[in-house]
Amino acid sequence: GRVIAFSGRILQGDEKSAKYVNSPETELFTKGKVLFALDKAKRAILDAGHAIVCEGQLDTIACHAAGVRNVIAPQGTALTAAHGRILRRYVEEVILCFDGDKAGRNATIRSLDDCLGSGLAIRVASIPPPDDPDSYIRKAGADAFREVLGRAQSFFDFYLQHLITENDPATDRGRLAIIAGMGSKLQLTGNAVLIDTYAQRTSQRLGVSVD
């Protein structure tokens, strides 16, 4: 609960600048090992049995202000293996709640490579585009936001649908890309049950053999 660094959000000006600017890294502050608002959220995370991970600090603050307090955010980075280890101290499941547009979907996917092997069950809550959690709460209210969280789907269901949207499953090239994408992410988990389950789901969606 003590200050270890500062983070600034660029509102206007040089469009080439980073969206967020943090203090320099020190022995106390390493971006890949710090989760914003964890000191405020850990009791609520334990009570809820899962953590909600937003993309940025402002979304996290908006969630807490709306009474959804089991919410944290990385420091403008992907979720790392260190983040995964920290979260496993409290829960076995996280819900990723990033922006609803294509950039938000891509951020969700990018954020996970280092974290998939953590053993956490990962779900994805899809905010209706073009909103992010902050704007959606202001527009629709906290109860509607909780409903979105309640509809969160498994990351691999989300990712399979993303791959099918990005690649034409009616073509050989598209099917190969979908299979390669699913395979590469699933192998990161090292979880034989997940690999078998989603090999079967992928084969059913594409009309190819599980092998």
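Quick caveat: nothing in here was measured; it's all calculated off a predicted structure.
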Value for CZ (F156) from CE (M182), rounded to nearest 0.5 Å, stands at 6.5 Å
**Study point:** Lys/Arg N to Asp/Glu carboxylate O, R2 vs D39, below 4.0 Å
**Key:** no
Nearest heavy-atom contact between A142 and A66 is CB-O, 3.6 Å
Tightest non-hydrogen contact, residues V91 and A51, listed as CG2-N, 4.0 Å
**Message:** Please verify the inter-ring angle class for F158 with F155; under 30° counts as parallel, over 60° as perpendicular, anything in between as tilted.
**Reply:** tilted
On a heavy-atom basis, the closest approach of N22 and Q75 is ND2-O, 3.4 Å
In terms of heavy-atom contacts, does CZ of R69 have more than 12 from other residues, nucleotides or ligands at under 6.0 Å?
no
Distance col, row F145:CZ vs D134:CG, nearest 0.5 angstrom, shows 10.0 Å
Value for CD1 (I4) from OG1 (T26), rounded to nearest 0.5 Å, stands at 7.0 Å
Tightest non-hydrogen contact, residues V71 and A41, listed as O-CB, 3.5 Å
**Transitive ILVMFWY side-chain link V53 to F36, under 4.5 Å** = no
Residues F29 and S23: closest non-hydrogen pair is CE2-O, 3.3 Å
**Pair R138 + D131, salt bridge at N-O below 4.0 Å** = no
Which of T165, I164, T171 passes side-chain contact (heavy atoms from CB on, under 4.5 Å) with D168? Answer is T171
One should read off an interatomic distance between C97 SG and E55 CD, to the nearest 0.5 angstrom, of 10.0 Å
On a heavy-atom basis, the closest approach of A152 and I95 is CB-CG2, 3.9 Å
Does atom CD (E92) have a neighbourhood of more than 12 heavy atoms from anything else shown, all under 6.0 Å? no
Tested for side-chain contact (heavy atoms from CB on, under 4.5 Å) against D99, the lone hit among P133, P129, S126 is P133
In this structure, CD of Q204 is separated from CD of Q200 (nearest 0.5 Å) by 6.5 Å
| Are V208 and L186 joined in one hydrophobic group, where the rule is that I, L, V, M, F, W and Y side chains link up if heavy atoms are under 4.5 Å apart? | yes
Problem set entry | Side chain proximity check, C115 to T80, heavy atoms < 4.5 angstrom | no
Test side-chain contact (heavy atoms from CB on, under 4.5 Å), reference T189, set L116, L120, L112, output is L116
Distance col, row L96:CG vs C54:SG, nearest 0.5 angstrom, shows 9.5 Å
With no hydrogens and no angle check, do the side chains of Y198 and S154 hold a donor and an acceptor under 3.5 Å apart?
yes
### Task
Ignoring hydrogens and angles, state whether a donor on the side chain of D157 or Q161 is under 3.5 Å from an acceptor on the partner side chain.
no
